[in-house]
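Heads up: the structure comes next, in structure tokens.
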Amino acid sequence: MSRSIVFGIHVGNSTASIAIFKEEGKVDVLANEAGDRITPAIVSITDEETVVGNAAKTGFISKQANTITFNNRLMNLSLEDNEKCSLIENNKVKTIEERGHLAYELPLENKKKIYTPQFIESNIYKTLYGIAKRATHSEDTKCSCVVTVPEFFDDPSRESVRNAAIQAGWNVLQVVNAPSVTPFTYGINVSEPLNDMYILVYRLGGISCDATILYVDSGLVSIVASEHTKAIGGYKLIESLKAHLIEEVKRKHRSNPSENARASAKLQRATEDAVHLLSTLKTANIFIESLTDGVDFAASVSRARFESLIAHLLANFSLPIEVVLKKANLENSNIKKVILCGGPLKIPKLKSYIGNLFPHADIPNGISPDEVLAYGAAVQAGFLTKYWNTDNDLPEPTTEVHTLKETVEVDCCGETLKFDQNEILPSTKSVKTNVTVENVTLSAISGSDKHIKSEAQVNLKSKGEITFTLTASIDQSIHVEAKSVEPELKSTAIFVTV
């Protein structure tokens with residue numbers, strides 16, 4: 001069986017990362033040309049060139065109208081109309097609706113030109129492909145990858161991401177829900193399959209936040225519940241420090257940098273760098289040449305000062321966790337492991353705050369939170385190469401396993417059939433019982449408090465011994481087949497909510 005070199009890739013709104021799976025089972029997160037293991041997911045387009053990553057971020061101050069940030073949110077093709085309107089009104093790059101989906105209209109020298117989010121995404125994947133090629137030390141090697149996407153992406157959105165990667169030169173093995181591969185990063189559920197365990201995956205990105213609960217049983221990982229919000233994100237931390245620095249500028253130089261787009265962009269870049277430094281250092285020194293009115297600005301921010309500035313935000317960061325626990329009908333004590341993802345979670349104060357919510361859970365560390373997703377995807381890519389030839393017979397990408405959302409108990413004329421929560425669908429169960437009437441009503445109860453009731457009317461056309469066969473389908477409905485033994489007659493029905 002031939003092997004190809006495989007990688008795991010995560011492209012988020014703010015950053016992108018790539019990890020390689022080596023034959024001996026080791027995973028390495030790769031560095032870009034600047035030596036950074038995280039690449040800004042920023043693309044700048046001019047008449048002369050298309051620039052991605054650090055170079056695009058550096059040129060943002062002078063090329064704001066042509067520099068695209070947070071592109072991944074537009075890769076979600078199922079955006080609601082109010083979200084589209086908000087992006088069209090507030091995006092710094094001119095955004096329009098084209099054939100039902102959003103696109104960018106950039107002011108180039110010769111004429112305005114429209115670019116799709118998929119084209120922008122493909123350029124980010126092309127940059128990651130270059131990093132991969134340097135790691136293989138061979139121009140002839142074909143690079144294959146597993147790509148992560150948000151759990152809430154629908155099938156067309158996933159396919160758009162897949163196509164963006166293919167256009168960049170990648171052989172895409174799988175497109176996977178990002179939270180599902182995070183246990184692999186820390187070897188959870190790898191060497192020894194786990195049984196009956198709930199894991200919370202908490203991701204804090206640049207402009208959004210996700211909390212997802214995974215259930216692991218007999219090695220199978222399923223998503224129980226998830227919560228996605230744009231109300232909080234790493235940008236909140238940056239805004240708090242930036243507001244503090246604006247007040248410093250006003251106090252020292254009697255000038256307001258927020259009133260000038262160029263000065264505001266300079267301060268934004270400096271603030272982002274300072275927050276990054278404060279995640280590992282006690283102090284961040286800030287210097288901005290000619291910030292406003294030709295005045296240079298210098299400041300020093302301690303980690304203690306920064307933590308006091310963000311203290312009022314901490315409770316907000318736990319809200320998605322509260323929501324997802326409620327959705328899953330679980331308590332904090334039910335969670336056995338907590339996995340943290342996203343660059344902002346490198347900040348010690350924030351990391352410890354989330355950890356303190358789960359005093360009895362294991363919180364694995366040792367891998368930077370902004371590398372967790374690419375690392376887990378690389379492990380998944382390694383799994384695939386064990387069982388399939390990645391050039392010839394790899395099956396079509398699989399994105400999810402359907403499971404039952406809630407436990408369902410069905411009374412079949414005195415006999416009870418039970419379908420468990422998280423049971424893989426479709427699932428079929430049978431029971432034999434004696435029936436004394438030809439028309440029967442089967443009843444079902446579901447939900448944690450058994451408050452949801454359903455029933456199915458079945459015309460048996462016969463009495464005596466009846467075999468009831470119930471099938472819980474992918475659409476969460478339950479189909480009934482009743483078959484008599486003598487004479488052999490079949491009846492079917494489907495449960496309806498009452």
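Any value given below was found using the heavy atoms of this structure, including those in side chains, with hydrogens, waters and symmetry copies removed.
Between R73 and E83 there is no salt bridge, since none of the side-chain N atoms of the basic residue sits less than 4.0 Å from a carboxylate O of the acidic one. Salt bridge annotation for E272-R269: absent, with no cationic side-chain nitrogen under 4.0 angstrom from a carboxylate oxygen. For the pair E247 and K250, the salt-bridge criterion is met [side-chain N within less than 4.0 Å of a carboxylate O].
A donor-acceptor contact shorter than 3.5 Å is absent between the side chain of S208 and the backbone of K230. Formation of a donor-acceptor pair under 3.5 Å by the T182 side chain with backbone atoms of A178 is not found in this model. Between the side chain of S144 and the backbone N or O of K142 there is no donor-acceptor pair closer than 3.5 Å. Between the side chain of R203 and the backbone N or O of G342, no donor-acceptor pair lies under 3.5 Å. Here the side chain of N334 pairs a donor or acceptor atom with the backbone of E331 at under 3.5 angstrom. For N76 (side chain) and S78 (main-chain N/O), a donor-acceptor pair under 3.5 Å exists by modelled atom type. With hydrogens and angles disregarded, a donor-acceptor distance shorter than 3.5 Å links the side chain of D296 to the backbone of S290. Within the 3.5 Å criterion, the main-chain N or O of I42 finds no donor-acceptor partner in the side chain of T69. Judged purely by atom type and a 3.5 angstrom limit, K266 uses its side chain to pair as donor or acceptor with the backbone of E289. Judged purely by atom type and a 3.5 angstrom limit, K84 uses its side chain to pair as donor or acceptor with the backbone of G100.
The minimum heavy-atom distance linking G205 with P344 is given by the pair O-CG, 3.9 Å. Residue V161 comes nearest to F153 through the heavy atom pair CG2-CE2, 4.0 Å, listed as atom of the first residue, atom of the second, then distance. Minimum interatomic distance between H312 and S240 (heavy atoms only, all atoms of both residues): CE1-OG, 3.8 Å. In terms of heavy atoms, F21 sits closest to V379 at CD1-CA, 4.1 Å. Across L128 and V11, no two heavy atoms sit closer than the pair CD1-CG2, 3.8 Å. Closest approach of L74 to P117, counting heavy atoms only: CB-CG, 3.6 Å.
With a 4.5 Å cut-off on side-chain heavy atoms, T229 and V323 do not count as touching. By the 4.5 Å heavy-atom criterion applied to side chains, Y235 and N13 are not counted as neighbours. Under the 4.5 Å side-chain criterion, counting only non-hydrogen atoms from C-beta, I339 is in contact with I188. At least one side-chain heavy atom of N54 sits less than 4.5 Å from a side-chain heavy atom of N32. Side-chain contact between K336 and D362 is absent, with no heavy atoms from C-beta onward closer than 4.5 Å. Side-chain contact between V147 and Y125 is present, with heavy atoms from C-beta onward closer than 4.5 Å. A 4.5 Å side-chain heavy-atom check between N72 and E121 finds at least one atom pair inside the cut-off. With contacts defined as side-chain heavy-atom distances shorter than 4.5 Å, the pair I238/Q268 qualifies.
Within a 6.0 Å radius of CD in E33, other residues, nucleotides and ligands contribute 12 heavy atoms or fewer. Atom NE2 of H244 has more than 12 neighbouring heavy atoms from other residues, nucleotides or ligands inside a 6.0 Å radius. The 12-atom threshold is not exceeded at NZ of K92, counting heavy atoms of other residues, nucleotides or ligands nearer than 6.0 Å. In K346, the NZ atom is crowded: over 12 heavy atoms of neighbouring residues, nucleotides or ligands sit closer than 6.0 Å.
Rounded to the nearest 0.5 angstrom, D293 CG and H253 NE2 are separated by 10.5 Å. A distance of 10.0 Å separates CD of E97 from CG of L79, quoted to the nearest 0.5 Å. In this structure, CD on E307 lies 9.0 Å from CG on L314, to the nearest 0.5 angstrom. Taking CD1 from I68 and CD1 from I120, the interatomic distance works out to 3.5 Å, rounded to the nearest 0.5 Å. Here the SG-CZ distance, from C143 to F7, works out to 4.5 Å after rounding to the nearest 0.5 Å.
Just one residue in the list L345, D210, T212 forms a side-chain contact (heavy atoms from CB on, under 4.5 Å) with Y202, and that residue is L345.
No side-chain N or O of S160 forms a donor-acceptor pair with one of N163 less than 3.5 Å apart. In this structure, a donor-acceptor pair under 3.5 Å is absent between the side chains of T50 and N123. Side-chain contact check for N91 and Y104: no donor-acceptor pair (N or O, by modelled atom type) lies under 3.5 Å. When only modelled atom types and interatomic distance are considered, R158 and N177 share a side-chain donor-acceptor pair under 3.5 Å. Inspection of the S300 and N285 side chains reveals an N or O donor paired with an N or O acceptor under 3.5 Å. Side chains of S17 and E371: no donor on one and acceptor on the other come within 3.5 Å. No hydrogens or angles considered: a donor-acceptor pair under 3.5 Å links the side chains of K242 and S264.
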TODO: List the steps and the verdict of side-chain contact (heavy atoms from CB on, under 4.5 Å) for V149 and M75.
DONE: CA-CA 10 Å; V149 294; M75 292 298 292; over 6 Å; no
- [ ] Please test F317 against L357 for side-chain contact (heavy atoms from CB on, under 4.5 Å), starting from the C-alpha separation and ending with a verdict.
- [x] CA-CA 11 Å; F317 287 116; L357 298 175; over 6 Å; no
TODO: Under the side-chain contact (heavy atoms from CB on, under 4.5 Å) rule, what do I18 and V29 come out as? Steps first, then yes or no, please.
DONE: CA-CA 6 Å; I18 177 172; V29 178; over 6 Å; no
TODO: Give the C-alpha distance, both sets of side-chain angles, the deciding distance and a yes or no for side-chain contact (heavy atoms from CB on, under 4.5 Å) between T67 and V93.
DONE: CA-CA 7 Å; T67 302; V93 174; 5.6 Å; no
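Relative orientation of the F383 and F184 rings is perpendicular, given thresholds of 30° and 60° on the angle between their planes. The aromatic rings of Y129 and W170 sit perpendicular, their planes meeting at an angle over 60°, well past the 30° parallel limit.
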